[in-house]
Amino acid sequence: MLNVMNHPLITHKLAQMRKVETGTKDFRQNLDEIAGLMAYEICRDLPVKEVTVMTPVSECKTFELSKEIVLVPILRAGLGLVNGITDLIPTAKVGFIGLYRDEETLMPHEYFAKFPSTMPDAVTMVLDPMLATGGSAVAAIENIKKRGAKIIKLVCLVGAPEGVKAVEEAHPDVDIYLAALDEKLNEKGYIVPGLGDAGDRIFGTK
């Protein structure tokens, strides 16, 4: 299922990130804030369990999360979404997956992976700011499933229809969360209007 978060605060902060004149500091800050706002909505349906706690006054029947949260950023740009989410969910564990694209076949290949052992029983959020062609997201999700992940949410900042379609066709059981669904991909595979290369803008590289 595709979820586009048309929230005024998210849209406002994303507008600041889209501006070509926005520098690394403000780009990162707005990304952190958007990630936290998105996480609040994404966590709305997390499973809970009933518990009894003791308040300073009496016993209280209430609820706690029943599953761990695992964040898996797709290196390197996915790292930009981690801080904003862990600020809201400080108990979340973080795994990592790195992919490179073969220049001849254009197929993504895994070059690095490190995951918590609890991932098969956790809610796993795959993080990547840009959902362009969808190739990296599809491959990352496939590799994560091979490690036992069952409940997977793909969290991206900006997506193109082509990328959304690719993920939906390859992994119909994965929910997709976007701050914005943009118009299309251009001939170079960049999202239009997009916000440029997210990794370069997060880390100040070219």
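Residues meeting the side chain to side chain contact (heavy atoms under 4.5 Å, CB included) test with E168, sequence neighbours left out: L2, V164, I176.
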Take Q16 and N30, measure what side chain to side chain donor-acceptor pair (under 3.5 Å) needs, and give me the verdict at the end.
CA-CA 7 Å; Q16 311 315 305; N30 280 289; over 6 Å; no
Step-by-step side chain to side chain contact (heavy atoms under 4.5 Å, CB included) determination, V167 to I141
CA-CA 9 Å; V167 174; I141 293 168; 4.3 Å; yes
Run the numbers on E41 and R44 for salt bridge (charged side-chain N to carboxylate O under 4.0 Å, His left out), then give the verdict.
CA-CA 5 Å; E41 292 297 324; R44 189 176 292 276; 3.0 Å; yes
Could you go through the side chain to side chain contact (heavy atoms under 4.5 Å, CB included) check for Y40 and L88 one step at a time?
CA-CA 8 Å; Y40 182 82; L88 187 70; 4.1 Å; yes
Determine, stepwise, if the pair L9 / T11 fulfils side chain to side chain contact (heavy atoms under 4.5 Å, CB included).
CA-CA 5 Å; L9 280 177; T11 302; over 6 Å; no
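Residues T52 and E59 bring no donor and acceptor atom of their side chains to less than 3.5 Å of each other.
In this structure, D32 does not pair ionically with K13, as no charged nitrogen and carboxylate oxygen lie closer than 4.0 Å. Between D200 and R76, at least one side-chain N (NZ, or NE/NH1/NH2) sits under 4.0 Å from a carboxylate O, which counts as a salt bridge. A salt bridge links R147 with E110: the closest approach of a Lys/Arg side-chain nitrogen to an acidic carboxylate oxygen falls below 4.0 angstrom.
Considering CG of L75 and CZ of F112, their distance stands at 7.0 Å, rounded to 0.5 Å. Rounded to the nearest 0.5 Å, atoms CD1 (I34) and CG (L81) are 9.0 Å apart. Expressed to the nearest 0.5 Å, how far CD1 of I191 lies from CG of L157 amounts to 9.0 Å. Atom CG of D128 and atom CE of M130 lie 9.0 Å apart (nearest 0.5 Å). Put simply, CD1 on I85 and CD1 on I42 are 6.0 Å apart, with the number rounded to the nearest 0.5 Å. Note that NZ of K165 and OG1 of T133 are 13.5 Å apart. Values are rounded to the nearest 0.5 Å.
The shortest non-hydrogen separation linking A180 to R18 is CB-NH2, 3.5 Å. Smallest separation of non-hydrogen atoms from V70 and G95: CG1-N, 4.4 Å. L181 approaches P161 most closely through the heavy-atom pair CD1-N, 3.9 Å. Smallest separation of non-hydrogen atoms from S136 and I74: O-CD1, 4.1 Å. Minimum heavy-atom separation, Y111 to L99: CE2-N, 3.1 Å. Considering all non-hydrogen atoms of both residues, A132 and A160 come closest at O-CB, 4.0 Å.
A continuous path of Ile, Leu, Val, Met, Phe, Trp and Tyr side chains, each step under 4.5 Å between heavy atoms, connects F63 with I89, placing both in one hydrophobic cluster. Using a 4.5 Å cut-off between side-chain heavy atoms of Ile, Leu, Val, Met, Phe, Trp and Tyr, with links allowed through other members, I10 and I202 fall into the same hydrophobic cluster. A single hydrophobic cluster is seen to contain both I152 and M119, as judged by linkage of ILVMFWY side chains at heavy-atom distances under 4.5 Å, directly or through other members. Following chains of ILVMFWY side-chain contacts shorter than 4.5 Å, one can reach V158 starting from L127, so the two form part of one hydrophobic cluster. Clustering ILVMFWY residues whenever any of their side-chain heavy atoms sit less than 4.5 angstrom apart, transitively, puts V155 in the very cluster that holds L14.
A heavy-atom distance below 4.5 Å is found between the side chains of L195 and F27. Taking 4.5 Å as the limit, every side-chain heavy atom of R28 sits out of range of all side-chain heavy atoms of N83. Taking 4.5 Å as the limit, every side-chain heavy atom of C156 sits out of range of all side-chain heavy atoms of Y177. Under the 4.5 Å side-chain criterion, counting only non-hydrogen atoms from C-beta, L178 is not in contact with M38. When side chains are defined from C-beta on, L46 does not count as touching S66, because their heavy atoms never get closer than 4.5 Å. Here the side chains of K93 and I69 are not in contact, with every heavy-atom distance at 4.5 Å or above. Between K153 and V126, every side-chain heavy-atom pair lies at or beyond the 4.5 Å cut-off. Counting heavy atoms from C-beta outward, M17 and L31 have side chains that approach closer than 4.5 Å.
Of the candidates I144, V138, L154, H171 forms a side-chain contact (heavy atoms from CB on, under 4.5 Å) with just one, namely V138.
Between the side chain of D197 and the backbone N or O of G199, at least one donor-acceptor pair lies under 3.5 Å. R201 places no side-chain N or O within 3.5 Å of a backbone atom of G196 that could act as its donor or acceptor partner.
For Y190, the OH atom is loosely surrounded, since the number of other residues' heavy atoms within 6.0 Å does not exceed 12. By the 6.0 Å contact criterion, CE on M1 is open, its count of non-hydrogen atoms from other residues, nucleotides or ligands being 12 or less.
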